[in-house]
Enquirer: 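Okay, handing you the structure first.
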Amino acid sequence: MRTHDVSTWRQRRPGPHRVGRAALVWAVAYAGFGLACVLSGTPLLHIGGDGTGLGPAWGVVAAGMTAALISAAVVRYGMRPALRVLLLSACALTGVMAFSLFMDVITLMAGQGVDSWASTVNKALAAAGAVLLAATARSDRLTAVPTGTAAPKPSAAPRSVQLAAWAGTLAFLPYAAMKTHWASGGTFAGVTGEEMLAVSERNGASGIFLTLESWGLDPTALLALLGVFLLWGLVRPWGQAFPRWTPFLRGRRVPRALPLAPALLGAATLAPYGVVGIGYLLLVTGGAVTMGRGDFPSEGDALLVAWIGITAFAVYGVALVVAVRSYWLRTRPAA
């Protein structure tokens, strides 16, 4: 397939001052959001549905003010090595504050309500800030790209990366089977399909969610299928050029950000969420800590379901990290 010259697009990328101003505006707005939560007494961290006080809101204020000072220094003095380190540190901090955003997105896509809208907005703002701070840290390098760059030809990921994609795919099979079994009216972990449907309704599931469940189609299982499709798009050539089975688009280049944006969000959320969750479940299994039974008859039933779900998210999240890195490297414009 013919490569496309992208040198003009690369040269038009904004420089450090322009991106720094955008990061500065975000940082001030983020600090203002945190201060508004403090003044209104709105908690930003919820565990088990209960707020944990105003400490996280004060943390948002501090993070926003710190990022504002760093961004203002970049705008005033230009990019310096010390400022780059500070920007990347602030980027990592805001990335941590965006923890579990993807889970909220999945919850909303499945037609259910989140524990706290303020918490979800905070995660979304933190994710946007992490992107802006990272872009600011790299902006001076991106503007120095030589002319004559071109998009590489579509290629498959190395075998090791494709094996990781297979692991991420297979990890979702028990989860999808469990959810589909419930949706079809079966009983698992001491809970019937009718009881799970009642739980979903009690948690504020939308009419579409409940309708799909009544048809034997679990929306979260369908979202898992969509996630697997994204994973394989990152490791196969059709993720770089639309294949023949896509009408009107066949043969055209896939915009690089189209798979990377959701994949980066998923990788940054699911991988740490799953890995931390595995650690927690190991402590519960070993008897070091206890876990509530929730809507299940016993803690053992709740633990079984948790192992199935968290394992799927952990393995898939790590596979997504590996696939994103491979796709990023394989699609970089080459001189």
Side-chain angles (χ1 to χ4, degrees), residues 1-14 19 101-102 105-106 109 127-128 130-132 134-135 137-139 141-173 176 219-271 312-313 315-335:
M1 172 167 295
R2 187 180 60 192
T3 58
H4 299 270
D5 191 353
V6 295
S7 59
T8 303
W9 174 78
R10 298 282 286 191
Q11 291 173 354
R12 284 201 302 263
R13 286 200 170 187
V19 182
L101 171 62
F102 200 63
V105 173
I106 292 175
M109 290 178 66
V131 172
L132 282 173
R138 290 179 51 84
S139 56
R141 297 177 179 178
L142 293 175
T143 55
V145 177
T147 60
T149 56
K153 294 181 179 180
S155 61
R159 181 177 177 82
S160 59
V161 178
Q162 296 197 47
L163 289 176
W166 274 113
T169 301
L170 295 176
F172 263 132
L173 290 181
T220 57
L222 297 177
L223 289 174
L225 182 62
L226 184 62
V228 169
F229 178 81
L230 172 64
L231 179 61
W232 283 100
L234 294 170
V235 301
R236 299 301 302 169
W238 54 263
Q240 300 170 53
F242 290 102
R244 288 176 294 179
W245 44 265
T246 52
F248 309 113
L249 294 174
R250 66 180 71 182
R252 295 179 180 271
R253 299 290 305 194
V254 174
R256 194 166 181 241
L258 183 61
L260 276 179
L264 284 169
L265 177 60
T269 300
L270 293 181
F313 292 134
V315 178
Y316 176 82
V318 173
L320 200 57
V321 171
V322 174
V324 164
R325 180 180 181 276
S326 174
Y327 188 90
W328 183 283
L329 295 176
R330 290 176 7 252
T331 58
R332 283 189 305 181

Enquirer: Please report the shortest heavy-atom distance between Arg330 and Ser155, naming the atom on each side.
Expert: NH2-O, 3.0 Å

Enquirer: For a quick test of reading the model, state the closest non-hydrogen atom pair linking Pro262 to Leu258 and the distance between them.
Expert: CD-O, 3.1 Å

Enquirer: Quick one, Leu320 and Leu234 - any side-chain contact, counting heavy atoms below 4.5 Å?
Expert: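 The answer is yes, as the side chains (C-beta and beyond) meet within the 4.5 Å cut-off.
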
Enquirer: Find the distance between CZ (Phe229) and CG (Leu226) and round it off to the nearest 0.5 Å.
Expert: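 Answer rounded to 0.5 Å: 8.0 Å.
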
Enquirer: Do you know which two heavy atoms are closest between Ala271 and Val321, and how far apart they sit?
Expert: CB-CG2, 3.9 Å

Enquirer: Where do Arg256 and Thr331 come nearest, in terms of heavy atoms and distance?
Expert: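 The answer is NE-OG1, 2.7 Å.
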
Enquirer: Considering all heavy atoms of both residues, which atom of Gln240 and which atom of Pro154 are nearest to each other, and what is their separation?
Expert: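 Residues Gln240 and Pro154, closest heavy atoms: OE1-CA, 3.3 Å.
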
Enquirer: Could you measure the distance from the CG atom of Leu163 to the CZ atom of Arg159? Nearest 0.5 Å is fine.
Expert: 5.5 Å

Enquirer: Give me the atom names and distance for the closest heavy-atom approach of Ala241 to Val254.
Expert: N-CG2, 3.7 Å

Enquirer: Can you tell me how far the CG atom of Leu265 sits from the CG atom of Leu260, to the nearest 0.5 Å?
Expert: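 One gets 12.0 Å once the value is rounded to the nearest 0.5 Å.
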
Enquirer: Taking the inter-plane angle between the rings of Phe172 and Tyr316 on a 0 to 90° scale, is it parallel (under 30°), tilted (30 to 60°) or perpendicular (over 60°)?
Expert: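 If you compare the ring of Phe172 with that of Tyr316, the planes turn out tilted.
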
Enquirer: With side chain to side chain contact (heavy atoms under 4.5 Å, CB included) as the test, would you mind laying out the steps for Phe242 and Phe248 before giving the verdict?
Expert: CA-CA 9 Å; Phe242 290 102; Phe248 309 113; over 6 Å; no

Enquirer: State the OG1-CG distance between Thr169 and Leu225, to the nearest 0.5 angstrom.
Expert: 10.0 Å

Enquirer: Quick one: does Tyr327's side chain have a donor or acceptor within less than 3.5 Å of a partner on Gly239's backbone?
Expert: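 Judged by distance alone, yes, a pair lies under 3.5 Å.
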
